[in-house]
Amino acid sequence: MSKLPHLGFPAPLLGMESIRLPVLMDSGDCLVLTKPRGVLVQADIWYPRCPVLVEAIRHQASEAKPEFSRLNIGPEGLWAVHDLDPEFWGPVLFARGREQGDALRSACGSAALSLIHI
């Protein structure tokens with residue numbers, strides 16, 4: 001059994017303590033991370049004080065952190081395919097490119113793509 005890679009975020013990027021998020025899946029074009037409670041996937045005006053995962057990823061990637069480079073996450077970061085409310089933790093699908101992220105987000109919103117728990 002291989003060990004899952006992780007992405008590290010020092011405080012205060014995702015909260016008051018440093019955190020390491022497991023990469024649950026990496027297909028080359030997309031990857032899945034576990035979002036912790038109390039964190040937004042993307043900025044939302046209804047939650048102005050919550051840390052934002054996409055922004056934290058882009059910050060770490062722009063700093064060329066080794067674990068981000070090893071997973072081929074460039075300075076532009078990742079694009080979220082769907083959101084998950086900050087009250088919940090769980091898997092979030094990300095695309096490595098903006099065009100692919102937009103296409104997958106559109107497919108998800110039109111039910112052409114569905115996310116299921118297996």
Side-chain angles (χ1 to χ4, degrees):
M1 184 168 141
S2 65
K3 185 177 177 187
L4 293 173
H6 285 70
L7 295 177
F9 300 88
L13 287 179
L14 293 179
M16 298 305 292
E17 296 182 18
S18 296
I19 188 168
R20 295 185 56 72
L21 302 179
V23 177
L24 301 176
M25 190 253 342
D26 185 349
S27 71
D29 293 329
C30 298
L31 59 85
V32 176
L33 294 175
T34 300
K35 182 198 81 67
R37 279 187 184 92
V39 172
L40 293 167
V41 175
Q42 300 180 94
D44 187 319
I45 60 170
W46 290 103
Y47 302 96
R49 298 182 194 266
C50 283
V52 179
L53 184 54
V54 166
E55 291 174 5
I57 290 168
R58 289 185 179 146
H59 173 78
Q60 290 293 83
S62 71
E63 297 285 315
K65 298 295 182 175
E67 66 258 38
F68 287 76
S69 297
R70 279 193 296 277
L71 289 173
N72 196 29
I73 301 172
E76 65 283 348
L78 299 171
W79 283 265
V81 173
H82 63 96
D83 285 320
L84 193 58
D85 289 339
E87 296 84 14
F88 301 104
W89 67 270
V92 177
L93 177 62
F94 291 92
R96 283 199 167 83
R98 178 185 300 269
E99 288 181 19
Q100 183 179 33
D102 290 345
L104 288 170
R105 181 178 271 280
S106 178
C108 194
S110 68
L113 169 72
S114 60
L115 304 173
I116 60 170
H117 174 65
I118 54 172

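Worth knowing before you read on, the calculation uses all heavy atoms, side chains too, and leaves out hydrogens, waters and symmetry mates. Because the structure is predicted, anything quoted here is derived from the model rather than measured. Numbering starts at 1 and runs along the sequence shown.
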Shortest non-hydrogen separation from A43 to E55 and the atoms involved
CB-OE2, 3.9 Å
Do any N or O atoms from the side chain of E67 and from the backbone of G8 form a donor-acceptor pair under 3.5 angstrom?
yes
Report yes or no: do V54 and L31 belong to one cluster of Ile/Leu/Val/Met/Phe/Trp/Tyr joined by side chain heavy-atom distances under 4.5 Å?
yes
Write down the atom of Q60, the atom of P10, and the distance for their closest heavy-atom approach.
NE2-CD, 3.3 Å
Could you give the distance from CZ (R98) to CZ (R105), rounded to the nearest 0.5 Å?
11.5 Å
Note, M25 side chain near L93 side chain (heavy atom, < 4.5 Å):
yes
What's the spacing between F68 CZ and L7 CG if we round to 0.5 Å?
4.5 Å
Donor-acceptor pair, side chain of D44 and main chain of W46, under 3.5 angstrom
yes
Same apolar cluster (I L V M F W Y, side chains within < 4.5 Å links), L24/L14:
no
Crowding at CD, E87 (>12 non-hydrogen neighbours, <6.0 Å):
yes
Give the minimum heavy-atom separation between G38 and P51, together with the two atoms involved.
O-CD, 3.4 Å
In terms of side-chain geometry, is the basic nitrogen of R96 or D26 positioned less than 4.0 Å from the acidic oxygen of its partner?
yes
Once rounded to the nearest 0.5 Å, what's the spacing between atom CG of D85 and atom OH of Y47?
5.0 Å
Check this for me: E99, atom CD, are more than 12 non-hydrogen atoms of other residues, nucleotides or ligands nearer than 6.0 Å?
no
Is the shortest side-chain heavy-atom distance between V52 and V39 below 4.5 Å?
no
Can you find a pair of side-chain heavy atoms, one from L21 and one from P36, that are under 4.5 Å apart?
yes
Check for me, please, whether W89 and V32 land in the same ILVMFWY cluster - side-chain distances under 4.5 Å, paths through other members count.
no
Among V92, D83, L84, whose side-chain contact (heavy atoms from CB on, under 4.5 Å) with Q42 holds?
D83
Ignoring hydrogens, what is the shortest heavy-atom contact between G74 and A61? Give both atom names and the distance.
O-CB, 3.0 Å
Grab the two heavy atoms, one from V81 and one from A95, that are nearest each other, plus how far apart they are.
CG2-N, 4.2 Å
To check you understand the geometry: which heavy-atom pair defines the closest contact between L78 and R58, and what is its length?
O-NH2, 2.9 Å
I'd like to check C30 versus Q100 (side-chain heavy atoms, cut-off strictly below 4.5 Å). Are they in contact?
yes
Answer yes or no: is there a side-chain heavy-atom contact under 4.5 Å between I57 and F9?
yes
Side chains of F94 and I73: closer than 4.5 Å at any heavy-atom pair?
no
